[in-house]
Trainee: 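Below is one structure. I have some questions about it.
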Amino acid sequence: MRNYAAPLAFTAAFLAVFSMAVTPPAEARRAFARGANGSLGAFAHQGQYGQRAGARALGANQGFGFRGGSYQGPNGSTLQTAQGGAYKKGVGAFRAKQFQATGANGGNASRYMNNAYNAQTGTGTRNSGASYTNPQGQSYGYDGTTNYAKGQGATTTIDTQNKGDYTIDWQKGQKPVVTPTSTTIE
C-alpha cells in the first residue's frame with residue numbers, strides 16, 4: 001500500500017501558504033482530514049495585525065508539523081514566531097521553535113529551543129537560549145545545552161550574559177549538582 005502522507009502534507013502546506021499570500025485581510029482558511037491512519041491539515045490566517053500559517057501530518061508511526069506567524073502591533077511593536085517538529089517510531093524525533101519581538105519602547109527579545117532525540121541510541125540533545133534588551137540598552141540572556149540519555153540523566157551547560165556560567169549534573173535518583181564554571185558576574 002502506498003504512503004500518501006508526505007505528498008498530501010506538502011500539498012496542504014503549499015495551499016496554506018499560497019492561500020495566505022492571496023487571502024484578503026481578516027480572512028482565514030483551514031483544511032483538515034482525519035482517517036484510520038492519522039490526520040492531515042493546514043491553516044492560514046491573515047488579519048489586521050498580521051498573518052500565520054501551518055500544516056501537519058500525524059500518524060501512529062510518523063508525522064511532522066510546522067507553523068509560523070508575523071504580527072505588527074498598532075503601537076509599532078513586532079513579533080515573529082516559528083516552530084516545527086517531526087517524529088518516526090523507532091528512529092527518533094526533533095522539535096524546534098523560536099520567536100523574536102521588538103517593543104514600541106525600543107526593547108527587544110528573542111528566544112529559541114531545539115531538541116533532537118535518537119530513539120536507536122536513547123540519547124538526545126536540547127539547545128535553548130534567550131536574549132533580552134530593555135529600552136535603556138541593558139542586555140540579559142543565556143545559551144544552554146543539555147545532553148541526556150534515556151533512564152540515566154543529563155548534563156546541562158549554561159552560559160549567561162552577566163550571571164556567570166554553570167554546569168548542572170542531573171543523575172537519575174539524585175539531586176542536581178550545580179558547578180560554576182566561571183566567576184565572571186557583571
Side-chain angles (χ1 to χ4, degrees), residues 13 16-17 19-21 23-30 42-56 64-87 92-118 123-149 153-172 174-186:
V17 173
S19 69
M20 184 175 73
T23 301
E27 194 165 317
R29 306 263 184 215
R30 199 175 270 271
F43 71 91
H45 173 267
Q46 183 170 339
Q48 179 179 0
Y49 297 113
Q51 59 272 343
R52 61 190 174 106
R56 69 180 182 200
F64 78 92
F66 66 89
R67 64 183 174 187
S70 180
Y71 310 93
Q72 305 80 34
N75 58 2
S77 57
T78 64
L79 172 66
Q80 286 80 38
T81 65
Q83 59 182 305
Y87 65 92
F94 79 89
R95 181 176 180 216
K97 62 182 178 176
Q98 65 181 27
F99 83 84
Q100 184 171 359
T102 303
N105 62 3
N108 62 67
S110 63
R111 189 171 184 126
Y112 72 92
M113 185 282 299
N114 56 64
N115 190 5
Y117 177 71
N118 184 329
T123 61
T125 300
R126 181 184 190 274
N127 297 300
S128 64
S131 178
Y132 306 100
T133 303
N134 66 21
Q136 294 75 33
Q138 298 167 318
S139 295
Y140 306 91
Y142 76 94
D143 288 298
T145 300
T146 301
N147 294 304
Y148 57 91
T155 301
T156 301
T157 302
I158 300 173
D159 299 323
T160 68
Q161 286 181 0
N162 50 13
K163 298 290 182 186
D165 300 337
Y166 304 90
T167 298
I168 305 169
D169 190 14
W170 311 78
Q171 293 305 313
K172 184 176 180 180
Q174 298 177 8
K175 291 182 180 181
V177 177
V178 178
T179 306
T181 56
S182 78
T183 56
T184 305
I185 298 177
E186 299 174 14

Trainee: Under the side chain to side chain donor-acceptor pair (under 3.5 Å) rule, collect the residues that match up with N115, sequence neighbours excluded.
Mentor: Y148
Trainee: If you measure from CD on Q100 to OG1 on T78, what distance do you get to the nearest 0.5 Å?
Mentor: 7.5 Å
Trainee: Run the side chain to side chain contact (heavy atoms under 4.5 Å, CB included) test against P176 and tell me which residues pass, sequence neighbours left out.
Mentor: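 Once residues adjacent in sequence are excluded, the partners of P176 under the side chain to side chain contact (heavy atoms under 4.5 Å, CB included) criterion are I168, W170.
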Trainee: Can you tell me how far apart CZ (F43) and CZ (R52) are? Round to the nearest 0.5 Å.
Mentor: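 Reported value, rounded in 0.5 Å steps: 5.0 Å.
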Trainee: If you compare all heavy atoms of A104 against all heavy atoms of S77, which two are closest, and at what distance to 0.1 Å?
Mentor: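 Scanning both residues, the minimum pair turns out to be N-CB, 3.9 Å.
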Trainee: Taking Q83 for the side chain and R67 for the main chain, is one N or O donor matched with an acceptor at less than 3.5 Å?
Mentor: no
Trainee: With respect to D165, which candidate in T160, D143, I158 satisfies the side chain to side chain contact (heavy atoms under 4.5 Å, CB included) definition?
Mentor: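 The residue from T160, D143, I158 that satisfies side chain to side chain contact (heavy atoms under 4.5 Å, CB included) with D165 turns out to be T160.
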Trainee: Report, one line per pair, each donor and acceptor closer than 3.5 Å where one atom sits in a side chain of residues 124-134; sequence neighbours left out.
Mentor:
| unit_1 | atom_1 | unit_2 | atom_2 | d |
| --- | --- | --- | --- | --- |
| T125 | OG1 | N147 | OD1 | 3.0 |
| R126 | NH1 | S128 | OG | 3.2 |
| N127 | OD1 | T145 | OG1 | 3.0 |
| N127 | ND2 | N114 | OD1 | 3.1 |
| Y132 | OH | R111 | NH1 | 3.3 |
| T133 | OG1 | S139 | OG | 3.3 |
| N134 | OD1 | Q136 | N | 3.0 |
| N134 | OD1 | G137 | N | 3.0 |
| N134 | OD1 | Q138 | N | 2.9 |
| N134 | ND2 | Q138 | OE1 | 2.7 |

Trainee: With sequence neighbours left out, what residues match A116 under side chain to side chain contact (heavy atoms under 4.5 Å, CB included)?
Mentor: F94
Trainee: Are any of the side-chain heavy atoms of D159 and T157 separated by less than 4.5 Å?
Mentor: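 In contact.
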Trainee: Measure the CD-OH distance between Q51 and Y71 for me, rounded to the nearest 0.5 Å.
Mentor: 8.5 Å
Trainee: To the nearest 0.5 Å, what is the distance between NE2 (H45) and CD (E27)?
Mentor: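 One gets 9.5 Å once the value is rounded to the nearest 0.5 Å.
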Trainee: What pairs with Q98 under side chain to side chain donor-acceptor pair (under 3.5 Å), at least two apart in sequence or on another chain?
Mentor: none
Trainee: Which residues pass the side chain to side chain donor-acceptor pair (under 3.5 Å) test with N118, not counting sequence neighbours?
Mentor: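 For N118 there are no side chain to side chain donor-acceptor pair (under 3.5 Å) partners, ignoring immediate neighbours.
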